[in-house]
Structure formats: C-alpha cells, structure tokens
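Each remark here refers to the structure printed beneath this line.
All values reported here derive from a predicted model rather than from experimental measurement. Order of the sequence lines sets the chain letters (A, B, ...), proteins ahead of strands, with each chain counted from 1.
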Amino acid sequence: MSTKETTPHTDHHESTRLRDERLRKLEKIKSLGIDPYPYKFTRTHKAKELQEKYQHLENSQETTDSVTVAGRIHNERNDWMFIDLYDDSGKIQLYCDKEKLDQKLVEFLPLLDKGDQIGAVGTVRRTPRGELSIKVTEITILCKTLLPLPEIIEGKRRHLGIHDIETRYRQRYLDLIVTPTSKETLRKRALITAGIRNYLNNIGYIEIETPVLQTEAGGAEAKPFVTHHNALDIELFLRIATELHLKRLVVGGFEKVYELGRIFRNEGISTRHNPEFTSIELYEAYADYHDMMNLTEDLIKTVCKNVNETLQVEFQGKPIDYEKPWKRVTMLDLIKEHTGVDFAPLLGKNVKEVHDLPQIKNLKINLSECGSVGETIAEVFEEKVESKLIQPTFVMDHPIETSPLAKKHRTTSGLTERFELFINGWEIANSFSELTDPLDQRARLEEQAKKKDAGDEEAHSLDLDFITALEYGLPPTGGLGIGIDRLVMLLTNSASIRDVIAFPTMKPV
RNA sequence: GCGCUUGUAGCUCAGGGGUAGAGCACUCGGCUUUUAACCGAUUGGUCGUGCGUUCAAAUCGCACCAGGCGCACCA
C-alpha cells in the first residue's frame, strides 16, 4: 500500500485507480479498528422472508420489530440514505436516517462502496413511497470489495449488468451478481437434476458412479479426450458415455441403476455443444424400449412441471407443448411422410442399387459416405426430418447398422428396438431395448472395430471385458440416455448451452 | 476446421487518415430529508496485439489473439 501511494496516478490504469480508491477506504476501515473481513454473521431474516412477512404493512407504517439481514450492496441513493441490499433470496432496502444514526456510523457510511457485503440491524418500516425498508441502527462490514461491479445504462436508467457476453461467461461470478436470469437458470438446472434423481430414486433406482478415466472410451460414437497416467505409464481416455459400465452393473445384479454425470467429447463448440456436458443414463432390468418411452415422457413432464409450473413452455418464440401425449412414430414412417420415400421394402437391399433408384436420387442428398442402406436411412432422416420435429416426438426403430448396442427389432429385420426423443429439432434422449446377446454384440462391435481400423475415428471401440460381462448374462434390459444440458436449455428457454453451464469451456485469453 | 462479424475509459457506446469523445460510474465540492435524487468541478484511454502503407493510422492493408453468429462435426 505504501509504495502505491507514492506512485503518480498517471502511471495507473483506470481500473487500478478505482481499486486504489477502495484500498484507501479499506485502510481507513482498518484504522478504525474494524475487521473488514470478519468470520461470521448471524442474521434473522432473508430479504424474501421480510417481503412476505410484511406484505401487509401499509405505506409510512413503522414497526418496532428488530431484524438483522446480510447481503451485497447493489445500489445506494442520496448519500447512503437508501441502500439496495441483495441476498440470494432477493432485495431489501435499508434506510439510514443520518439525523438519528450514531455519529460513528454516519462517518462509516462513506467508506462503503457498491458491491460491498454488509450486515444490518434495524426496525421494519414501509416508506411513504411503499418500499419495505429496514430503518438501520447498526451496520457491519462483512467483506470490503476492491473492484467495482459492472453497471449498464439504458436510456437514462442505470443498473447493474453486463452486455459483453464474453465477460458474462469468463467471469461468471460477475454475471451471477448482476444478471438475475443467469442465476435463475442455474437454479432451475439444479431443480431439474435434483428432480430427475428424486423421480428415479422414488421408483427404486440407485445412482452408481462409474469411471471417468477409461482405457477404452466406449458406449458411443465420438472422439475422446486423451490423457496419461504417470505411475502406470498408460494412455487413458475420458469417458464419452456411461453406458458400458452401467450395463456391467446390471449384469452384477443391480436391476435399476443410473448415473447422472459429466461426459467428455473432443468435438466442436457451438451454442449447442460444450466439450464437457452432462448426461443421465439409466438401465432397468426386465424392461424394454416401450417401458423406457413411458418413463422418459413421465420423467420429463414431471421435471418440467416442477420447474415451470406448466407443461406449455416457450422456446425462443416457439411454443412447445409437453402436455399432449407425445407422438410415437417410426423413423421409416417419418421419412415416408416427409419425403414420400418408403424405405421398408429397401431394407437388406444392395446399397449401391438403392442409391441409384430415381426416388433416392431425387432427394438430392450426398450419400457417398453411406456404406449401407441403414446408414442411408439415418442420413436421409437427419437431412429431411430431424429439424422439423419441434414438438416432443419419439422416433422409433432405427436401422441396425447405426445402432450397434440395440437389440434387433422383434418383428422387422434390419431394424432395432431403439428410439430417440426429439424436441425443437434436437435429439434429447436415446434409448434401446439393450442388446443382451453376447455373440451378436461381439459381432457388431467387431464390425465397428473394422470401421475404426479403416479410419473412422468415431466408430465404437471394442471393449472386450464388456463382451465378457455379457457372456455372464445381461437380463432383458431397457436403457435410456438424456442430454441434460439441452433439456435444461429447453426448459429454461436458454438460447446457448453456455447459459446453462456455470463455467462453459472458453479459450484461454 | 471454414465463412461473416465485433474488439475505443470501470460500464454502455460514438468517431472511419490530421491533438482521443459522450453519458454514467469513481473522487471532490455544493444543495437537499429526500427513492433512476439534483447541480458543479476534477480525474480517467499504448483505440485487442504485431507488422506494414503514409509527412501523419483508432481510422487503410496484412497477420495473429479473443468473442459472437452461421456452416461442418456432433448430443
């Protein structure tokens, strides 16, 4: 501090100047024998509790009820006569009548700054203007801040806030202080994840944590992050799915098991993609994908109602109705509906012959990457149908070539018992009647391994221990995965995945 | 990874070859017993970074860095 005082102001950046001013006040507070960073403070009420409790207090009415509150100063008016104090429940105004205040406190007030955390004791009153206030008798500094909070001006109106979206994500603590909706979104996210766990725990599921560090990153098609374990001197991968370990747990005798947790995929970043994101996967013995559809629909309806108190939710201007029974339709029927092409008779045909059919050529889709009719179907679906599925829709019975972990369809050959849930054109959930036949599973993963060897970085890897587990017997099992971040986006009307992740991945500055 | 676009004071933004601007915030002073208070004064900036063009660059060009949006990949 002492060297700073001798430094000319001209050598300082503005931010340093503002900080120095607060350091000066900090020193002053210390010199008064006050600890600017005390250990504990006991309050009697939160802001919201007071607002509710004194809802019926009339304008200008005063009580003798003494209360103690604590929070952060967001604003001050008329030389500290009015202070807007915020805690995590909301706002309460402090009223400082300097004529009646202890002289020491009057002298202390100018040492405060917006952003400081304080505790206050006083009596409850409603001002003539109708603002519930605490008529202050004591103020305790709880934390002296050194940096000013960001403020924005709209018209002539000034309030706390940040327009710069980069700052909002990089310095999320600031965003949370000054942007009420940011805080609300994360609060809702917590409500959603807690709601999901509650729902599942109540019907007999248990949550078990499976490894993040794996020697084979299996269970999905994605590029993994690679890391290294020093003591073992081996390459390890961050998990891309929880699927294979959870199914091992079902082999081990857990009949209803899930994990809600972080997974990692080494792919692009966008408004809908963060390299680490949260999924829930759950597995239920003796269930099939029809059971999983019922569970998915009921689960999402339940959390939606919890969070929004309604099943009609707007997403970026589009009304989405979660209430009506969700449409259940096969992938082939949807393709037929949107393109007029019926793939059912083409299943099992030679892929080149299929691509040469006039009605396929007319679709004007690049199918050169599709090495099978199944892959062609998936591609046509993605190109022509996916983005149109705005209202909740279960898309059922995917081709076998693109679903290596799903059981063959019980009646239609070439298809599997799988569904994906689409809302707002996004895949929200993915589910199968899990493949339990160890010989079939081995054959399908070996097929994937061939693709991987041929250079497909995203093909499934061959996890031999998983195959071994299946040979010890996986009962009929329904499995389900839900992308939590996108679900939260939908239920909180958030345009970017970064809004629903507290600390989204950013390039270092 | 590609395309478009943005980066100027603590915050929000103007300025687009000729001495770096405004509002608010901060600081100081005045007025006021009051609710975006008001009035006045002073502060405050390597114009994202680097290299170039030019007598002269915040401004023009190129490269790089970071963000946003779109595309690709994907959930």
Side-chain angles (χ1 to χ4, degrees), chain A residues 8-22 24-25 59 74-84 91 93-101 110 113-115 126-133 146-170 174 178 220-223 240-241 263-281 366 369 382 386 420-430 456-458 481-490 495-498 504 506-509:
Chain A
H9 267 154
T10 48
D11 284 1
H12 287 213
H13 287 232
E14 175 68 359
S15 58
T16 312
R17 196 179 66 86
L18 295 171
R19 186 167 175 273
D20 282 350
E21 181 57 37
R22 288 170 180 240
R24 186 185 65 76
K25 292 179 182 176
N59 290 6
H74 276 208
N75 200 8
E76 156 272 324
R77 287 176 293 280
N78 298 342
D79 288 327
W80 297 96
M81 177 171 275
F82 298 104
I83 298 171
D84 291 337
K91 181 184 105 170
Q93 177 172 275
L94 306 183
Y95 170 67
C96 301
D97 184 350
K98 287 188 190 167
E99 307 229 315
K100 304 212 176 105
L101 280 185
D113 283 293
K114 279 179 233 178
R126 195 175 287 283
T127 64
R129 290 264 185 138
E131 185 73 37
L132 189 72
S133 306
L146 298 183
L147 293 170
L149 293 178
E151 277 183 304
I152 53 182
I153 317 296
E154 263 148 25
K156 284 197 101 178
R157 203 175 187 82
R158 149 174 69 85
H159 57 89
L160 293 184
I162 310 175
H163 276 170
D164 178 27
I165 196 148
E166 183 176 351
T167 307
R168 291 191 43 215
Y169 298 137
R170 283 195 194 276
L174 281 183
V178 304
E221 295 183 27
K223 275 177 255 175
I240 57 172
I263 59 181
F264 308 85
R265 296 189 184 175
N266 208 337
E267 287 156 2
I269 295 177
S270 77
T271 47
R272 288 173 297 284
H273 300 84
N274 197 64
E276 52 178 310
F277 62 104
T278 301
S279 79
I280 180 168
E281 288 190 34
N366 177 11
E369 302 283 306
E382 279 175 32
E386 214 174 85
E420 290 177 301
L421 170 65
F422 284 86
I423 305 174
N424 189 46
W426 302 343
E427 183 194 335
I428 296 299
N430 184 22
D456 183 349
E457 279 185 274
E458 290 170 13
I482 300 176
I484 297 296
D485 308 271
R486 289 197 183 167
L487 180 64
V488 175
M489 287 173 73
L490 287 171
S496 170
I497 197 169
R498 291 181 156 174
M506 302 288 280
K507 276 204 203 183
V509 182

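- As rounded to the nearest Å, B/A63 and B/A22 have C1' atoms that lie 33 Å from one another.
- Pairing for B/G1 is with B/C71, a Watson-Crick or G-U wobble pair whose two hydrogen-bonding atom distances lie under 3.5 Å.
- Listed nucleotides: B/C26, B/A66, B/A75. Nearest to the side chain of A/Phe277: B/A75.
- Ring-base stacking between A/Trp426 and B/A75 is not satisfied when judged by a centre separation under 5.5 Å and a plane angle under 30°.
- For the pair A/Glu267 CD and B/A75 C1', the computed distance is 8 Å after rounding to whole Å.
- One can place CD1 of A/Ile165 at 12 Å from P of B/U12, the figure rounded to the nearest angstrom.
- We find that CD of A/Glu382 is positioned 11 Å from C1' of B/C73, with the value rounded to whole Å.
- For the P atom pair drawn from B/U32 and B/C39, the interatomic distance equals 15 Å after rounding to whole Å.
- If you take CZ of A/Phe82 and P of B/U35, they are 7 Å apart, rounded to a whole angstrom.
- No donor-acceptor distance shorter than 3.5 angstrom exists from the side chain of A/Asn430 to the backbone of A/Glu420, with no hydrogens or angles considered.
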Can you check nucleotides 27-31 of chain B for protein contacts, nitrogen or oxygen pairs under 3.5 Å, and list what you find?
from	atom 1	to	atom 2	distance (Å)
B/U27	OP1	A/Lys25	NZ	2.5

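- Between A/Leu18 atom CG and B/G44 atom C1' the separation is 8 Å, expressed in whole Å.
- Here A/Thr271 lies in heavy-atom contact (under 4.0 Å) with sugar-phosphate atoms only.
- When the C1' atom of B/U33 is taken as reference, atom NZ of A/Lys100 falls 10 Å away, rounded to whole Å.
- A gap of 14 Å separates the C1' atoms of B/A58 and B/A9, to the nearest Å.
- Backbone-only engagement by A/Glu458 is indicated by non-hydrogen atom pairs under 4.0 Å involving sugar-phosphate atoms exclusively.
- Within the 4.0 angstrom heavy-atom criterion, no nucleotide atom of any strand lies near A/Arg22.
- For A/Arg19 (side chain) and A/Leu146 (main-chain N/O), no donor-acceptor pair under 3.5 Å exists by modelled atom type.
- Residue A/Arg129 contributes atom CZ, which lies 4 Å from atom P of B/U35 at whole-angstrom precision.
- Of the possible donor and acceptor atoms, none in the side chain of A/Arg272 sits under 3.5 Å from a partner among the backbone N and O of A/Arg486.
- Remark: P of B/C73 and CG of A/Asp456 are 13 Å apart, rounded to the nearest angstrom.
- Shown here, B/U54 forms no base pair; nothing in the strands shown gives a Watson-Crick or G-U wobble contact with both key distances under 3.5 Å.
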